[in-house]
Amino acid sequence: MSLLDRTFQLGARGTSVRTEVLAGATTFLTMAYIVLVNPAILSTTGMPVAGVAAATCLAAGIGCLLMGFLANYPIALAPGMGLNAYFAFTVVQGMGVPWQTALGLVFISGVLFVILTVAGVRQLIVNAIPRALFSAIAAGIGLFIAFIGLRGAGIVVDNPATLVGLGEIREPTVLLALLGLAILGALTALKVKGAILIGIVATAALGWTLGLAEWKPQPYSLDEMTATAFALDIPAALGIGGGGLTLALIEILFVFLFVDLFDNVGTLVAVSKKAGLMRPDGTIPRLNRILFADAGATIAGSLAGTSTVVSYIESASGVSAGGRTGLTAVVTGLLFLAVLFVAPWAQAIPAAATAPALILVGGMMMAPLAEIDWDDPVVGIPAFLTLISIPLTFSIANGLAFGVVAYAVLKVATRRVGKADWLLFALAALFIVRFAYMAAEG
């Protein structure tokens with residue numbers, strides 16, 4: 001116990017081993033749904049479900065252990081919701097990038113995270129982007145995820161006249177998804193620990209019982225579990241042997257960098273405040289160590305076979321249970337590693353069971369919109385463009401681009417330009433070049 005106390009400073013932070021263990025278990029239960037949802041999303045690219053499920057557990061486990069031992073924060077990490085959707089639906093399906101190449105891009109982004117953290121560039125970018133855009137991007141990704149869930153459930157379908165429309169509600173699988181959404185919503189409203197995970201399993205069980213989904217648990221081999229491990233194609237991601245490093249590949253790296261950065265900053269601020277770990281001046285102690293843990297987890301995740309790893313806001317549930325140190329994150333990581341060998345059963349979970357989770361998680365990501373000053377057009381207009389562009393263009397990059405460019409233009413129009421805005425204008429210029437390139441290519 002004294003070793004744990006010295007390692008994690010339990011006494012100094014007013015906590016105990018028992019409290020930290022319970023907090024770590026609480027965090028795990030609230031975010032364990034990712035073990036089922038992440039494979040459901042990434043498998044749309046052709047990636048094997050069993051391999052992605054195992055990679056998800058491994059990446060989350062390693063990320064949590066890094067955060068606990070390196071930064072001593074009660075923050076858990078796992079493949080990020082939003083970035084996994086961007087990986088699957090925009091990069092692989094939309095741009096036609098093979099998933100092996102996309103994993104290579106995730107690996108390169110992790111290496112860039114390390115370099116940019118050492119150089120202090122990530123901190124500069126954080127200071128250059130208005131906080132309102134952080135909030136709008138988080139909420140826009142929430143709409144993106146919810147839209148994917150609505151499509152997957154069959155609630156929203158293609159409509160030639162209006163682009164989208166209401167699906168056939170009488171379809172059994174649609175009814176199952178709606179019932180699942182009701183179950184997940186009720187459990188969440190009742191503040192049941194692990195509500196999303198319990199709801200997914202309960203909906204899947206209903207599907208199996210009613211014959212709407214097949215339950216055929218089959219033994220899986222080590223080969224299936226490691227099917228995505230080290231499958232990344234780094235040369236292709238660098239454009240070696242092909243057409244060179246194209247603007248499209250650079251854009252993907254750019255989005256991986258920005259969204260991961262925004263996601264982490266938002267989570268760090270929220271969790272640090274709740275845990276009482278933020279300094280009086282608003283800065284976060286050991287920020288570089290936190291960013292290094294995030295970068296290391298992303299690199300490990302790409303090698304295992306999953307998309308970018310990020311900090312999870314569900315960590316706040318562990319903090320609410322008393323978690324104050326990295327021991328909370330370590331316990332969460334160990335629990336993810338413990339379920340590694342049953343994770344491949346995720347392939348038995350029907351889409352009608354995971355789609356409600358996407359819808360609900362997307363809804364939960366709307367909370368940051370309350371932090372935006374909608375009465376200030378210089379803030380509100382870019383935030384709205386970001387928010388609406390992400391789901392309607394099916395691209396996080398487009399939403400980010402519209403928001404940054406609009407903010408820069410309105411800054412100039414209202415003569416509110418400061419010396420510290422140089423990086424913001426540089427980013428806006430890059431996005432304008434991107435739009436010009438897309439127009440020329442189109």
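Excluded from the calculations below are hydrogen atoms, water molecules and symmetry mates; all remaining heavy atoms, backbone and side chain alike, are included. Computed from a predicted model, the values in this text were never measured in an experiment.
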Can you tell me how far the [atom1] atom of [X] sits from the [atom2] atom of [Y], to the nearest 0.5 Å?
| X | Y | atom1 | atom2 | result |
| --- | --- | --- | --- | --- |
| L327 | L10 | CG | CG | 6.0 Å |
| I196 | T30 | CD1 | OG1 | 8.5 Å |
| F144 | F394 | CZ | CZ | 4.5 Å |
| I148 | L143 | CD1 | CG | 11.0 Å |
| L66 | I290 | CG | CD1 | 13.0 Å |
| L287 | T117 | CG | OG1 | 8.5 Å |

Next item on the list: With side chain to side chain contact (heavy atoms under 4.5 Å, CB included) as the test, would you mind laying out the steps for T203 and L184 before giving the verdict?
Entry: CA-CA 9 Å; T203 306; L184 266 70; 4.3 Å; yes
Residue pair [X] / [Y], side-chain heavy-atom distance below 4.5 Å:
| X | Y | value |
| --- | --- | --- |
| Y312 | T27 | no |
| L249 | L238 | no |
| Y33 | T354 | no |
| M67 | V330 | no |
| I141 | Y86 | no |
| R286 | L70 | no |
| L369 | L387 | yes |
| L334 | L65 | yes |

Going by atom types alone, do [X] and [Y] pair a side-chain donor with an acceptor below 3.5 Å?
| X | Y | value |
| --- | --- | --- |
| S389 | N398 | no |
| D294 | S311 | no |
| T325 | E20 | yes |

Margin query: Tell me if the CZ atom of R13 is crowded by more than 12 foreign heavy atoms within 6.0 Å.
Written below: yes
Check: With a cut-off of 6.0 Å (strictly less than), are more than 12 heavy atoms of other residues, nucleotides or ligands near CZ of F254?
Finding: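 Counting neighbours around CZ of F254, more than 12 heavy atoms of other residues, nucleotides or ligands fall under 6.0 Å, so yes.
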Counting distance only, does the side-chain N/O of [X] pair as donor-acceptor with the main-chain N or O of [Y] below 3.5 Å?
| X | Y | result |
| --- | --- | --- |
| T7 | L4 | no |
| T332 | T328 | yes |
| S302 | T308 | no |
| N38 | V35 | no |
| S16 | T19 | yes |
| R324 | V319 | yes |
| N72 | G326 | yes |
| T101 | V97 | no |
| R151 | V156 | no |

Looking at [X] and [Y], what are the two nearest heavy atoms and their distance?
| X | Y | value |
| --- | --- | --- |
| P79 | I34 | O-CD1, 3.5 Å |
| A355 | G152 | CB-C, 4.2 Å |
| G110 | A295 | O-CB, 3.8 Å |
| Y73 | A329 | O-CB, 3.5 Å |
| V309 | T298 | O-OG1, 3.2 Å |
| V106 | T306 | CG1-O, 4.2 Å |

Margin query: Tell me if the aromatic rings of F256 and F113 count as close, with their centers under 6.0 Å from one another.
Written below: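 F256 vs F113: aromatic centres not under 6.0 Å.
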Next item on the list: Might you work through the side chain to side chain contact (heavy atoms under 4.5 Å, CB included) test for V339 and V342, ending with a clear yes or no?
Entry: CA-CA 6 Å; V339 301; V342 297; 4.1 Å; yes
Note to self: Run the side chain to side chain contact (heavy atoms under 4.5 Å, CB included) test on V310 and L77 for me, step by step, so that the C-alpha distance in whole Å, both residues' side-chain angles and the decisive distance to 0.1 Å come before the verdict.
What the structure shows: CA-CA 5 Å; V310 303; L77 297 95; over 6 Å; no
Next item on the list: State which residue, out of T45, L42, T44, D233, fulfils the side-chain contact (heavy atoms from CB on, under 4.5 Å) condition with W99.
Entry: T45
Note to self: Among F435, F384, Y407, F431, exactly one meets ring-ring contact (aromatic ring centres under 6.0 Å, His included) together with F402. Which residue is that?
What the structure shows: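 Among F435, F384, Y407, F431, the one that satisfies the ring-ring contact (aromatic ring centres under 6.0 Å, His included) with F402 is F435.
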Margin query: Assess the residue pair M31 and F336 against the criterion (side chain to side chain contact (heavy atoms under 4.5 Å, CB included)); give the C-alpha distance rounded to whole Å, side-chain angles, the decisive distance to 0.1 Å, and a yes or no.
Written below: CA-CA 10 Å; M31 62 182 288; F336 269 112; 3.9 Å; yes
